[in-house]
Amino acid sequence: MSTSEIPADLAAWCAANDARAQDELFDFLRIPSVSAKSEHQGDCLAAAQFVADALTRIGCTAELVATPGHPIVVGEWRKAGPDAPTLLIYGHYDVQPAEPLELWTSPAFEPTIRDGRIYARGSVDDKGQLYLHIKALEAHLAVRGTLPVNVIVVAEGEEEVGSVNLEHYLERDKARLACDAVVISDSTMFAPGIPSILSSLRGMAYVQIDVRGAQGDLHSGMYGGAVVNPAMALARILATMHDAEGRVAIPGFYDDVLPFPDAVREGMRALPFSDDGLMHEVGVTALGGEPGYTTLERLWTRPTCEVNGLLSGYTGEGAKTVLPAVSMAKVSFRLVRDQDPDTIVRLVAEHVARVAPAGVTATVTAMHGGRPWRADLKGPVIEAGKRALHAAFGREPVITGEGGSIPVVGDFERILGAPVLLMGFGLPGENAHAPDEWIGVENYQLGTRAAAALLDLYAQEFAAAPRP
Ligand code: BES
Ligand code: ZN
């Protein structure tokens with residue numbers, strides 16, 4: 001590990017405080033702040049308070065902004081003076097549900113180290129990656145008593161459920177949140193030891209499809225064959241969503257897709273990626289998707305339709321003969337520019353209405369959505385990010401895309417007019433949203449150093465950049 005290019009005072013502080021920074025993260029990870037479940041509302045509040053306390057302890061101000069959902073933590077340190085830029089650091093303290101619990105090697109909310117990895121729900125997504133920024137601020141404040149830039153920290157508790165209230169908050173408080181750039185660590189590196197800056201995220205349209213048949217469950221012998229089965233009807237509806245080759249077959253779905261520039265596609269092709277490696281990572285013997293695209297292009301540049309969950313009828317032990325009255329599917333669409341989530345939901349609803357068989361009613365309910373995003377990859381914060389990652393990891397970062405979504409990234413650009421730097425410290429195979437989620441101990445430490453260096457380098461790059 002080479003950290004020689006990290007300023008010596010910050011590097012020394014980090015080395016002396018790595019153990020404590022890890023202990024504190026463990027305390028954060030023990031709070032089961034699952035935003036999707038109302039039973040964890042108190043835990044979400046506790047996690048928000050944990051972040052606020054962590055900020056005030058190191059010398060920032062912090063408050064919890066109430067929302068109709070979980071609170072937003074806003075931390076501030078603004079003593080760098082009017083000529084210094086303002087950097088907004090965003091992350092989320094909420095986590096995905098930990099189920100299925102029995103598949104965790106160690107309990108989801110009891111952080112445990114194995115093989116140089118910190119295992120816990122939220123370790124990489126996103127508590128670890130949020131907390132390392134707070135430790136980077138602490139490094140500066142502890143060693144130098146000051147920061148080279150003004151800082152706003154925004155930590156929300158609803159990222160995993162679509163960030164609905166954050167968007168409204170950004171609109172409402174945009175004067176206070178005015179900033180020159182945003183940095184987010186909520187993504188993965190391309191490979192171990194290869195730091196990465198993200199150039200794109202997919203967007204999202206999420207729907208629930210409910211199919212209802214008879215007024216109640218029926219005996220499948222007495223009624224089966226004459227009364228339409230909602231489970232079969234749903235299977236038919238879902239099967240119409242792709243053609244036989246793997247394209248999405250919903251009319252109009254691709255109409256607004258803006259192809260990625262050739263240069264970006266060439267850059268992706270130059271990355272050291274192998275289908276075999278991915279198959280090995282996830283444990284399958286073949287990959288599949290839209291024809292005419294490489295795997296990385298399918299993941300990063302093309303929109304998709306995926307069933308996330310399916311429910312109908314009897315699923316318990318043994319066999320029960322029943323014709324279910326209802327069936328349900330949760331279906332998400334990953335979007336690329338310039339697809340619009342609301343338009344996609346409308347197209348899906350029209351399609352389902354067209355293909356649903358007579359004898360059942362099918363309803364489409366929109367859940368959350370988010371716009372796709374592409375970066376400009378120019379300007380002081382990007383240059384600073386490249387240099388900070390180089391300093392911490394000892395090599396130039398690569399530019400990657402991402403198949404996941406962080407809906408608020410587009411909102412930051414649109415509402416605050418600030419460019420966003422996405423530098424993530426997760427790794428392939430990190431099991432985000434799945435059992436045995438982990439973040440590498442080394443990446444947590446190097447991420448802290450990169451985040452600390454970023455503050456110095458952003459101040460420098462900003463000062464050197466031509467004023468508009
Ligand atoms: N951190 C992820 C997004 C992500 C994953 C970015 C991997 C880069 C690499 C984020 O917390 C997340 O999971 N977002 C949700 C958003 C959705 C709920 C709108 C997602 O992508 O499913
Ligand atoms: Zn996340």
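Whatever order the structure lists them in is the order used to number ligands and atoms, beginning at 1. None of the values given here were measured: they were computed from a predicted structure.
Each of R202, E159, H368, R334 was compared with S405 under the side-chain hydrogen bond (donor to acceptor under 3.5 Å, both in side chains) criterion, and only R334 meets it. Applying the side-chain hydrogen bond (donor to acceptor under 3.5 Å, both in side chains) test between S163 and each of H168, E156, E158 identifies E156 as the sole match.
A pairwise comparison of heavy atoms in L457 and R387 identifies CD2-NH2, 3.3 Å as the closest pair. The two residues E437 and S123 come nearest to each other via the heavy atoms OE2-N, 3.3 Å.
The proximity of R334 to ligand 1, defined as any non-hydrogen pair under 4.0 Å, is limited to the side chain. The parts of D186 lying near ligand 1 are both backbone and side chain, judged by heavy-atom distances below 4.0 Å.
Counting only protein N, O or S atoms, 4 lie closer than 2.8 Å to the Zn ion (ligand 2).
The backbone N or O of E306 sits less than 3.5 Å from a side-chain atom of N308, completing a donor-acceptor pair. Of the possible polar contacts, none joining the R395 side chain to the H390 backbone as a donor-acceptor pair under 3.5 Å is found. Here the side chain of S312 pairs a donor or acceptor atom with the backbone of V326 at under 3.5 angstrom.
Using a 4.5 Å heavy-atom threshold, the side chains of Y90 and V409 count as separate. Counting heavy atoms from C-beta on, the side chains of I118 and W438 never come closer than 4.5 Å. A 4.5 Å side-chain heavy-atom check between I113 and Y119 finds every atom pair outside the cut-off.
The shortest N or O to N or O distance between E402 and ligand 1 is not below 3.5 Å. Where the criterion is an N or O separation shorter than 3.5 Å, residue side chain and backbone included, E430 fails it with respect to ligand 1. For ligand 1, none of its N or O atoms has an N or O atom of S187 under 3.5 Å away.
Every atom of ligand 1 with a heavy atom of H92 under 4.0 Å away is listed here by number and element: 11 (O). Counting the atoms of ligand 1 from 1 in the order shown, those under 4.0 Å from a heavy atom of P407 are 19 (C).
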Starting from the C-alpha separation in whole Å, work towards a yes-or-no answer on salt bridge (charged side-chain N to carboxylate O under 4.0 Å, His left out) for R265 and E297. CA-CA 7 Å; R265 288 179 72 172; E297 287 169 350; 3.0 Å; yes

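Atom 11 (O) of ligand 1 has its closest protein heavy atom at E159 OE1, 2.7 Å. Annotation: atom 15 (C) of ligand 1 to nearest protein heavy atom, S405 O, 3.5 Å.
Under a 4.0 angstrom heavy-atom cut-off, A432 registers as lying outside contact with ligand 1. The shortest heavy-atom distance from Q96 to ligand 1 is not under 4.0 Å.
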